[in-house]
**Student:** 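Questions regarding the structure given below will be posed in turn.
These numbers come from the heavy atoms of this one structure, side chains and all, not from hydrogens, waters or symmetry mates. Whatever order the structure lists them in is the order used to number ligands and atoms, beginning at 1. Positions are given from 1, in the same order as the sequence printed here.
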Amino acid sequence: MITRRQFVNRSLAVTTGVTLTGTIQASLKSKNLPVAVSTWDHGVPANKEAIKILLNGGTALDAVESGVRVPEADPDVMTVGYGSFPDRDGHITLDACIMDEKGNAGSVSFLQHIKHPVSVARKVMEDTPHVMLSGAGALKFALEKGFKKEELMTEKSTAAWKKWLVKSEYKPVINIENHDTISMLAVDKHGNLSGACTTSGMAFKMHGRVGDSPIIGAGLYCDNEVGGAAATGHGEYVMRTLGSFLVVELMRNGLSPMEACKEAVMRTVRTNKDLNRVQIGYIAVNKTGETAGFSLHEGFSFAHSDKEGTTLNKADSYLK
Ligand code: ASP
């Protein structure tokens, strides 16, 4: 039986040539539960909504759903929900998923015309025998459940698409505008954990492209015995390592949230030669409410909330 420290050092020393001691920025320890953590600057208003629910005794599941609905509805957040950047054919197609403390999961992908895909994902989880609905089927289900069909393109997203069409070059720029997928993890006062993830995916993607965000284990994973993890960035790289599942499994084996996020990033580092134009970032929380964020390139931020308030934190990164 190897100790936790041996496990950490073994996995990282073999793969990166460094041991962890002294290389890890402190992760955030919440002052008791509840706690919420979410990706990017737009995590701040999302977290404020979530922590309000948690401090009033609400469940982690309600908190993460309500929290991520804030950027979904905000047309100035152009990578989530209403007013997003479209795909290269001018369509906004949305991906989202949710997991509760019992290990239940719901997900929608390639969903059009619905402002709150995370709430449709929750309905898939609660009202169907399935985990994932996609495209026209997901839309049909949403309409049957009473969601409103809406035009999600705004003047701003239409103008951005027209500008992109001039050159029609697909060149994602890392960290651009600092508002990507919103992923949120929360532990409520009973110690129960849930997570949610919602996005319009990579701007100007191919029509039909689905990223990591609605894939359980890639964009999000929660295990009530261990903790939760969620991803942002270039989904293709997260999908290839099933990154969020990996982070949770590493925590199960004794790594802290920070150590686990770092090792998940290192998996991508080890298997890819040119990562100059690729960003990935992970957030994680364990059962005691310790949270962390870590990314490949610098520039990733995450919001942390507990009863002391909400902070926006710069994530440590592999490349500085
Ligand atoms: N992970 C998302 C995707 O690939 C986008 C992002 O978080 O930046 O669809």
**Student:** Could you tell me whether some N/O pair between Asp180 and ligand 1 is separated by less than 3.5 angstrom?
**Tutor:**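 The answer is yes, given that Asp180 and ligand 1 share an N or O pair closer than 3.5 Å.
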**Student:** Of all the atoms in ligand 1, which lie at a distance below 4.0 Å from a heavy atom belonging to Thr232?
**Tutor:** 6 (C), 7 (O), 8 (O)
**Student:** Using the salt bridge (Lys or Arg N to Asp or Glu O under 4.0 Å) definition, which of the options Arg252, Lys287, Lys102 pairs with Asp223?
**Tutor:** Arg252
**Student:** Restricting to non-hydrogen atoms, name the atom on Leu275 and the atom on Val269 that form the minimum distance, rounded to 0.1 Å.
**Tutor:** CD1-CA, 3.7 Å
**Student:** Scan Thr291, Thr311, Asn47 and name whichever one has a side chain to side chain donor-acceptor pair (under 3.5 Å) with His304.
**Tutor:** Thr291
**Student:** Counting only heavy atoms not in Lys115, do more than 12 fall under 6.0 Å of its NZ?
**Tutor:** yes
**Student:** Would you mind finding which of Arg209, Lys205, Met239 brings a heavy atom closest to atom 9 (O) of ligand 1?
**Tutor:** Arg209
**Student:** So is Gly201 polar-close to ligand 1, meaning N/O to N/O under 3.5 Å?
**Tutor:**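 The answer is no, given that Gly201 and ligand 1 share no N or O pair closer than 3.5 Å.
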**Student:** Using 30° and 60° as the class boundaries, would you call the ring planes of Phe85 and Phe204 parallel, tilted or perpendicular?
**Tutor:** tilted
**Student:** With distance as the sole criterion, is a donor-acceptor pair present between the side chains of Asp41 and Ser301 under 3.5 Å?
**Tutor:**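 Result is yes, a qualifying pair exists.
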**Student:** Would you mind running through ligand 1 and noting each atom that sits below 4.0 Å from a heavy atom of Ser213?
**Tutor:**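 Listed by number with element, the hits are 1 (N), 2 (C).
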**Student:** For ligand 1, which atoms sit closer than 4.0 Å to a heavy atom of Gly233?
**Tutor:**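 Selected atoms, number and element: 1 (N), 2 (C), 3 (C), 4 (O), 5 (C), 6 (C), 7 (O), 8 (O).
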**Student:** I'd like the name of whichever of Thr39, Thr181, Val210 reaches closest to atom 7 (O) of ligand 1 through any heavy atom.
**Tutor:**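 Among Thr39, Thr181, Val210, the closest heavy atom to atom 7 (O) of ligand 1 comes from Thr181.
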